[in-house]
There are 2 protein chains.
Amino acid sequence: MKLVASTLQLFSRHSFLSKTCLNGHCRKVLLSSVTVLHDKTAGPKWGSKKSRVLKVAKIRNIAMNDPVIEAQLAPLRKSVKEQGDIVRQLKADGAGDIDLQRAVAELKHRKKALEDKELALAPKDDFDRMKMEDLLKQKFFYDQSFAIYGGINGLYDFGPMGCAMKSNLLQAWRKHFVLEEQMLEVDTAMLTPEPVLKASGHVDRFQDYMVKDLKNGECFRADHLIEATLEKLLEDKKMPEEKKEEIRALLPLIDGMSKEDMAETLKKYNMKSPVTGNDLTEPLDFNLMFATSIGPTGQIKGFLRPETAQGIFVNFKRLLEFNQGKLPFAAAQIGNSFRNEISPRSGLIRVREFTMAEIEHFCDPTLKDHPKFAGLADTELMLYSACNQMDGKPPEKIKIGDAVKDKLVANETLGYFMARIQMFMVKMGVDASRLRFRQHLSNEMAHYACDCWDAECKTSYGWVECVGCADRSCYDLNQHTKATGVRLSAEKPLPAPKTIDVTECVPQKGPIGKTFKQNAKPITEHLTGLSAEEIDTLEQNLNDKGASDVVVNGQTFSITKDMVQIKRFQKTVHVEEFVPSVIEPSFGIGRIMYSIFEHNFKVREGDEQRTYLSLPAAIAPYKCSVLPLSSNPDFHGLVQELSSALTGADISHKVDTSSGSIGRRYARTDQIAIPYGITVDFDSLKEPHTATLRERETMKQIRAPISELPVVVKDLADGRRTWEDV
Amino acid sequence: MKLVASTLQLFSRHSFLSKTCLNGHCRKVLLSSVTVLHDKTAGPKWGSKKSRVLKVAKIRNIAMNDPVIEAQLAPLRKSVKEQGDIVRQLKADGAGDIDLQRAVAELKHRKKALEDKELALAPKDDFDRMKMEDLLKQKFFYDQSFAIYGGINGLYDFGPMGCAMKSNLLQAWRKHFVLEEQMLEVDTAMLTPEPVLKASGHVDRFQDYMVKDLKNGECFRADHLIEATLEKLLEDKKMPEEKKEEIRALLPLIDGMSKEDMAETLKKYNMKSPVTGNDLTEPLDFNLMFATSIGPTGQIKGFLRPETAQGIFVNFKRLLEFNQGKLPFAAAQIGNSFRNEISPRSGLIRVREFTMAEIEHFCDPTLKDHPKFAGLADTELMLYSACNQMDGKPPEKIKIGDAVKDKLVANETLGYFMARIQMFMVKMGVDASRLRFRQHLSNEMAHYACDCWDAECKTSYGWVECVGCADRSCYDLNQHTKATGVRLSAEKPLPAPKTIDVTECVPQKGPIGKTFKQNAKPITEHLTGLSAEEIDTLEQNLNDKGASDVVVNGQTFSITKDMVQIKRFQKTVHVEEFVPSVIEPSFGIGRIMYSIFEHNFKVREGDEQRTYLSLPAAIAPYKCSVLPLSSNPDFHGLVQELSSALTGADISHKVDTSSGSIGRRYARTDQIAIPYGITVDFDSLKEPHTATLRERETMKQIRAPISELPVVVKDLADGRRTWEDV
C-alpha cells in the first residue's frame, strides 16, 4: 500500500488530474485514482507491456474513411461512449473505488469489442513482412547478434547498411533538434550505481511479472502467458458460451492486473507452460535492469541504465551553470540503454539493448510557452486523445495551435515538440498517413509523468510507440535532490524584493564530529539541507525527547540538542528558487528505423521479385552508385576518377564492378536504397566525358558531364535540389 | 602449463618470431619463449598494465636533441646495448630458459636506469595540468559521473563541449577511414554471451592480480601496490645500500611477475595496505570484464564487451558475403567498451567505460601489400622499434616506405594504416612532435598479435598509448571457428585446378537421432565439420574400440560405428580455402581527446589567467560565436538573423548576449575553443550590414558583409579556405 499512496500523492500534485471531465474535449481521463493501483512499471517508455493495446487499436484512422465500415462500427462506438460517460459521472459523483473499477472494466471490455471489429473490417494489407525481412537480412541491414553461437534473443547487430542508415538518422536528428534549438548535448555513463536508479524509481518499480516452469526453469512473462492461454481457450469449440463470455471479459483487464490478480487467474484456469505443459510458479517480480558490480570489491552494485535521461538529470546543476543559470534550456543525449526483457519478440521492436535519443527540456513550471510555437501552430497532427479513446472515437486531424488552445495538449512546449517530431519523422521516411500521436490514458502513464503523447507508427505489428513525448514535471529533479541533499533547482528574479521568514539549522561540527566520526560529513550536509518543516519537526523532537533520529545514506543517527543550533530570522530576497519542470521527447531509434523500413519497402510494379527500399536520400546508406556498363577495362579510369571525386565531396557511394546486366545491378542498388546511380557507358569515353544519372523511384535517367555529377548528387542528397529540377 | 603451451604454439606459427636477431635492424626482439610465460592479460589494448613502461620512457626524442644531455646518457645507452647483445647471443646459441630469463631481467634493469636518467635530465615542462583540468571542468568538457552521488571512479560524463568535440572527432574519423576506404561499418551488441569471450581468450586471460585488505576488503592492483611500496622503501634513508640495490633490481621485473612471484615479493617485504596498514590477502585473479546475466533465468552468463572487435569477428561470414566473397576488405566499428579496472586513476586515460573506434582489415595472409601504400610511402613517422628499445637508442624518424622495405614494419597494410593514423591524429590537433609509434616488445604483445605498433602521444602522464595497430594474424577467426564449428574462412581461385584427397565423415541421421534425440543436430553438425585428421582419429577409435567420444557444447557423446560413414575420394578443386589475417588499428577515443586537450591548452602571452584551447576548427565544439557589442536592443534583429543563417548552413555556433566587455567575452569563447567570432557593432547597423570576424589564434579581425559571413565561416571550418586567404 505504500507504493500506491506515494504514487497517488505524486499524481495529485497536478491539478488537472483532479478536474472532472464531462465533455468530449476533456484533456485527461479520470481513472488515475482507480487504475494507478496497478501501475507496475516505472515507465512504459518503449514500454514493456503495451503491444497488446497497440495491436488491437490499429487501423482506426483508415476505418474512419469508409462509410460502409463506419455504419457497422457505429453501434459499437456508441456503446463505448455510453460507458465512458458512466465512468465520468461516477467520478463526478465521487463514487467508491469498487464501483468505479467495475465500470472501467466494462469500458475496457467495450473498447476491445470495437477494436476487434475494426480489425476484422480493415482492408487486407498486401505487405509481406517475411519478404522484407529476407531483404534486410540478405543485405545485412541488421541480423541477430552472435548467430554463429546460436544467437541471443533481443540482441541485434546492424550491418554496413543498417549502421550507415542509423548513423545518418542520428546525424539528421542532431541537426533537426540539437543544432536547431542549440541544445546542450551530453554523453554520460551507461554503468549506473544503484542509488541513482533507486531515486529514479527504477530499482523498485521497473519490473514485469514472470512465471517459471517448475521443472526446467523456463521463464514467461505472466501477462503474455495469461493472454495467450485465454485466447487459446476461446478457440476451444467445446467451451460453453457462458465460460467464453467470462474469458472475453477478462482479456481487457490483463494490463491492469496486480500480482495477486495474476496469481488468481493462473490458478483459476490451471495454466501450464505452453512449451512443456509443466506446472508454473506463482508470478514473481522481475526487475528489467541488467545488474552488475562496479569495481573489484563487489560492494558497488550497479546497473546498465534503462534510459539515458537519468544521466542528464544528475548533471542538471552543471548544465544550468553552463547555461549561465538561465532557463529554459534543453539537454539532449544519444546513447544505448538496456532492458532485460523476459521474452523478447517482435524483432527490432522489443530488444534488450537499444539506442535512444532523448531530450530533456527544463523550464519554469509556470512558463511552458515556447517562443517558436507560433511558427508551427498551423501544423496538422493526427491526435488520438485519451478522451477519444474513451469515447470510441477515432483520432482526429487537428492543428497543434488549436489543440494547445483547447487544452487538449497541455502546453506550447509539448505541442512544439510534437510538431517538430512529426516534421522529423516524415523527413526520415515515415509515411505521414501511418503516424499518429496517442495520448496516454492516466492508468498507463509512468509514475513520473503528468501528460504524455506517443508518436506511433503503424506497422505490421500494429501501432508501435516510436517517440514518447512526456511532461515529467519536476519528479526526477526532486527525487535526486531528496536522495543526495544537493538542491537541483533554479532561480528566477522576483518581480519585487520580498521579505521572508528563514528557518535555518546550523550543525555544530564539534559534537557531530566527535560522535559520528567518518559519518559526520554526510550528516552535516543532511542537516544543512533540511526544509523549514523538517527543522520544525527536528526542534520539536529535541524539545520533547532531547533527541531526534535522522536517516542518512540508509543509516539512522540520533541527533542531540548540542549538535544543532536552530536560527529563525527575516531576510530580503530578490530571487525565487524553484524546481524546473521537464518536458521529454524520447526517441527509440531502432523502432523508428523499423517503421521506416516497413513504410519504404516496395515491389516494382509487374515484378513481384524486384523488391526495394525507397529510403529518403538523407538516410540512405549510400547516396550514389557508380556502375561501369560492362567489365570493359576502358571504363576503369573514369570509374576511379568519379569515385575519388565523390569521396572528395564526402558522398558515400558504392562502386559495383560485378558482373550482371546493368538492369540487374540497378535492381541490386535499389535493394540497398541507393537513390542515385551513375553509369559509365561507351558514350562516356568520348570527350567531353559524360555519364547517365538514374533516380531510384522514377527509374528515369539524365545525361550530364562527369565533372558536374558529384555536385549534382551532393545537392540532391542534401535536399538542395529535387530530381525534377535536375 | 596448458596456457603457456598453447600460447607458444600460437606464436610459433609466425615464422619471423623464430628468426634470430643479430643486428641493429632486427624487427623483433626474441623474448617470446621466455617472457610469454608471464603474459597475463588477453590484450593490453588500452592495456591495464603499461602506464609504468610509458611513464619512464617519456621525453626520449627530446633528450636526443641536446648534445650535453646525450653525452651524459651515452654510457647508459651503451650498457643497455651490451646487455641487449648478450640476450640476442644467448637466444642464437639456444641457451636455456633460466639463463635467458636472467639476462632479460638484467636488460630491463639497465633500460630502467637509462630511462630514469633521461627523465631526470629532461627540461622542465611549464604545462600546468591542474589549470587545464580546471578549465575543462568549469566549461564542462567532461567531469566525473554521478558526482552528486559521490562519484564513481573511472566513469566520466562528457558535457556539451566534450560531447560536441567527441561527435566531431568521430565524424572526422568516419570520413578519414570508413568513407575513404569504403569500409563496412557495423554496430554490434555490447552485451556478449560468455562462450564468445571464452573463445576470444578474455574469460581466461583478461585479468589483473589484486590484493585485498583483510579487514575492510579494500582492493589494490598487486603490481601497483608492489611498485609503490618498493619505491617508498627506496626513499628510506636508514635502508642499507645493499638492500636498495636489490630493490632497484626488482622494480623493472614487476611487469613480468607471475602470481607466485608477486606472492613471494609481498611476503618478503611484508607489504601492508598503504591506506590502513592492515594485512593483505595473497594475490587474487580478477577478471576485468563486467559480468551480468542475460534473460530472466540466470542461465545465460554474459559480459559487457571489453573491445568492439569481437562483434566484427562473429559477423565475419555476413560481412564477407556482403562484400561478395572478395578480400581484402575492412570492417569498422565505433562503440563503447568496458573494463572493470581495479583502481582507475589518471583521469580520462584509464576508465571503466570508454568509446573505441576499431578497424579490422581482413586479408589473405600471403598478400599484405596495399594498393594505396605507394602514395604514402614518403610519409615520415617517428618509429621507436623494439630493437631500438633493446639497444638503448631513441626513436628514429623514418619514411614508412623505407621501414616496410627494411622489414622494420611487417607489411604494407600495417604501414599504410600507421601513416593514415598519423595524418588523422595531426589533423585532429595532436602535436606531431609529441607523437610516436612504439613497437611492442614480444613479451608485452597480446596473445593474439604477431606484430604491433602503438601510436603514443606524449602527455603529462608520460607517453600514452592512443591507437594500437596490430597484426592479429588469424587468431580470432580460428578461435571462433573452433568454438562454433562454423568455418570463418574465405576462398581464392587457385592458379590451376588441383586434384586433392578428400576425407569425409557422413553422419547417419537415423541412428544418431534415435540415440541422442534433441542433441542430434549439434552432434551431426560437429561430425560434418571434422578435419581430415580428426576423422582419421575417429575411424581409428571406431576400428579399435568400436566407439569414439566427441565433445559437443561441453557434453561428451559416444559415437558408434553405425552412426557415421567415412568416405575417401579424390576431387578437382578450383579454389583454395584459407583463414584471413586481420590487421587492426584500434583507437581509444577518450585518450586521443585527452592528448588533444593537453597539446592545445595554451596561455595568452603576458596574461597567465587567459587560458584557452586551440582546437582545430574541425573538432571545435562550436565553429563560431555571435557577439553583439553591447546589450543595445538595436543589435537584436541582426544577431537573430545571423544565427538563423548559421543554423541554415549547419554551422554550430553560440550566441553570447551576456554582459561583460567584448574582450572578456572573446576570452570566454577562446576557452571553449571557438575558432571564429562574429561581432555585431554599431557599424553593423548601417547598410550594407557588415560585421567583424575574429580568428582565435591570431586574434586578428576582418570586416565583411553579414550576408557573406556564414559561407566564409563554413569554408574556414571545413578547411576549404585558410584564415590567410580570408
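Order of the sequence lines fixes the chain letters, A, B, ..., with proteins taken first and strands second; residue numbering starts at 1 for each chain.
- Residues A:Glu341 and A:Val351 fail the side-chain proximity criterion, which asks for heavy atoms closer than 4.5 Å.
- Going from atom OG1 of B:Thr481 over to atom CG of B:Leu488 covers 3.5 Å, rounded to the nearest 0.5 Å.
- Heavy-atom distances place the side chain of A:Phe286, and not its backbone, under 4.5 Å from chain B.
- Both the backbone and the side chain of B:Ile148 come within less than 4.5 Å of a heavy atom of chain A.
- Taking chain B as the reference chain and counting heavy-atom pairs below 4.5 Å, the highest number among A:Lys317, A:Gln324, A:Lys326, A:Glu218 is found for A:Gln324.
- When heavy atoms are compared at a cutoff of 4.5 Å, A:Thr292 approaches chain B by way of both its backbone and its side chain.
- At a 4.5 Å heavy-atom cutoff, the contact between B:Phe338 and chain A is made by side-chain atoms alone.
- Among A:Ile672, A:Leu179, A:Leu191, the residue making the largest number of heavy-atom pairs under 4.5 Å with chain B is A:Leu191.
- A side-chain donor-acceptor contact under 3.5 Å links B:Arg665 to the backbone of B:Asp656.
- B:Asp157 places a side-chain heavy atom less than 4.5 Å from the side chain of B:Ser145.
- The candidate with the highest count of non-hydrogen atom pairs below 4.5 Å against chain B, out of A:Asn153, A:Leu304, A:Asn553, is A:Leu304.
- Cation-pi geometry between A:Lys654 and B:Phe322 is satisfied (NZ or CZ under 6.0 Å from the ring centre, within 45° of the ring normal).
- The parts of A:Ile342 that come within reach of chain B are both its backbone and its side chain, each placing non-hydrogen atoms under 4.5 angstrom from that chain.
- Using a 4.5 Å cut-off between heavy atoms, A:Asp650 touches chain B through backbone and side chain atoms alike.
- In this structure, B:Thr281 contributes its side chain and B:Lys212 its backbone to a donor-acceptor pair below 3.5 Å.
- Between B:Asp208 and B:Asp285 there is no side-chain heavy-atom pair separated by less than 4.5 Å.
- A salt bridge links A:Asp718 with A:Arg720: the closest approach of a Lys/Arg side-chain nitrogen to an acidic carboxylate oxygen falls below 4.0 angstrom.
- For A:Val314, the parts lying under 4.5 angstrom from a heavy atom of chain B are both the backbone and the side chain.
- Residues A:Ser200 and A:Leu197 form a side-chain contact, since some pair of their non-hydrogen atoms from C-beta on lies under 4.5 Å apart.
- Residues A:Arg174 and A:Ile334 form a side-chain contact, since some pair of their non-hydrogen atoms from C-beta on lies under 4.5 Å apart.
- Among the candidates B:Gln171, B:Met210, B:Glu321, the residue making the largest number of heavy-atom pairs closer than 4.5 Å to chain A is B:Gln171.
- Only the side chain of B:Val486 comes within contact range of chain A, judged by heavy atoms closer than 4.5 Å.
- Of the atoms belonging to A:Ala164, not a single heavy atom falls under 4.5 Å from chain B.
- Two residues are said to be in side-chain contact when any heavy atoms from C-beta on lie closer than 4.5 Å; A:Lys623 and A:Asn168 meet this criterion.
- Under 4.0 Å is where a charged nitrogen must lie from a carboxylate oxygen, and between A:Lys372 and A:Glu181 at least one such pair does.
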> Should B:Ser643 and B:His653 be marked as a side chain to side chain donor-acceptor pair (under 3.5 Å) after you check the CA-CA gap, both sets of side-chain angles, and the distance that decides it?
Replying inline: CA-CA 8 Å; B:Ser643 177; B:His653 61 282; 2.8 Å; yes
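- Annotation: maximal heavy-atom pairing with chain B below 4.5 Å, among A:Ala331, A:Pro193, A:Ala291, occurs at A:Pro193.
- By the 4.5 Å heavy-atom criterion applied to side chains, B:Lys137 and B:Gln144 are not counted as neighbours.
- Contact annotation for A:Leu284: neither backbone nor side-chain heavy atoms come within less than 4.5 Å of a heavy atom of chain B.
- Contact annotation for B:Gln299: only side-chain heavy atoms (C-beta onward) come within less than 4.5 Å of a heavy atom of chain A.
- Among B:Tyr622, B:Phe146, B:Tyr156, the residue with the largest count of heavy-atom pairs under 4.5 Å with chain A is B:Phe146.
- With hydrogens and angles ignored, the 3.5 Å screen pairs no side-chain donor or acceptor of A:Ser167 with any backbone N or O of A:Met165.
- Using a 4.5 Å cut-off between heavy atoms, A:Lys166 touches chain B through its side chain atoms alone.
- Chain B forms the most heavy-atom pairs under 4.5 Å with one residue out of A:Thr647, A:Leu155, A:Thr188, and that residue is A:Thr188.
- For B:Ser658, the part lying under 4.5 angstrom from a heavy atom of chain A is the side chain only.
- Interface remark: A:Ile152 contributes side-chain atoms only to the contact with chain B (heavy atom separation under 4.5 Å).
- Only the backbone of B:Asn216 comes within contact range of chain A, with at least one heavy atom under 4.5 Å from a heavy atom of that chain.
- The closest side-chain donor-acceptor pair between B:Thr355 and B:Asn336 falls under 3.5 angstrom.
- Interface residue A:Ile651: only backbone heavy atoms are found under 4.5 Å from chain B.
- There is no contact between A:Ser343 and chain B, counting heavy-atom distances below 4.5 Å.
- The parts of B:Glu185 that come within reach of chain A are both its backbone and its side chain, each placing non-hydrogen atoms under 4.5 angstrom from that chain.
- Residue contact with chain B, scored on non-hydrogen atoms closer than 4.5 Å, involves the backbone and the side chain of A:Glu180 alike.
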>> Would A:Arg668 and A:Gln671 count as a side chain to side chain donor-acceptor pair (under 3.5 Å) here? Give the steps.
In response: CA-CA 5 Å; A:Arg668 218 145 54 194; A:Gln671 286 190 314; over 6 Å; no
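- No part of B:Gln138 comes within reach of chain A, as not one of its non-hydrogen atoms sits under 4.5 angstrom from that chain.
- Neither the backbone nor the side chain of A:Gln310 comes within contact range of chain B; no heavy atom of the residue lies under 4.5 Å from a heavy atom of that chain.
- Of the residues considered (B:Pro621, B:Gly150, B:Ser293, B:Pro522), B:Ser293 shows the highest number of contacts with chain A, using heavy-atom pairs under 4.5 Å.
- Taking the centre of each ring, A:His480 and B:Tyr149 come in below the 6.0 Å mark.
- With a 4.5 angstrom heavy-atom cutoff, A:Ile300 touches chain B only via side-chain atoms.
- Heavy-atom distances place both the backbone and the side chain of B:Met190 under 4.5 Å from chain A.
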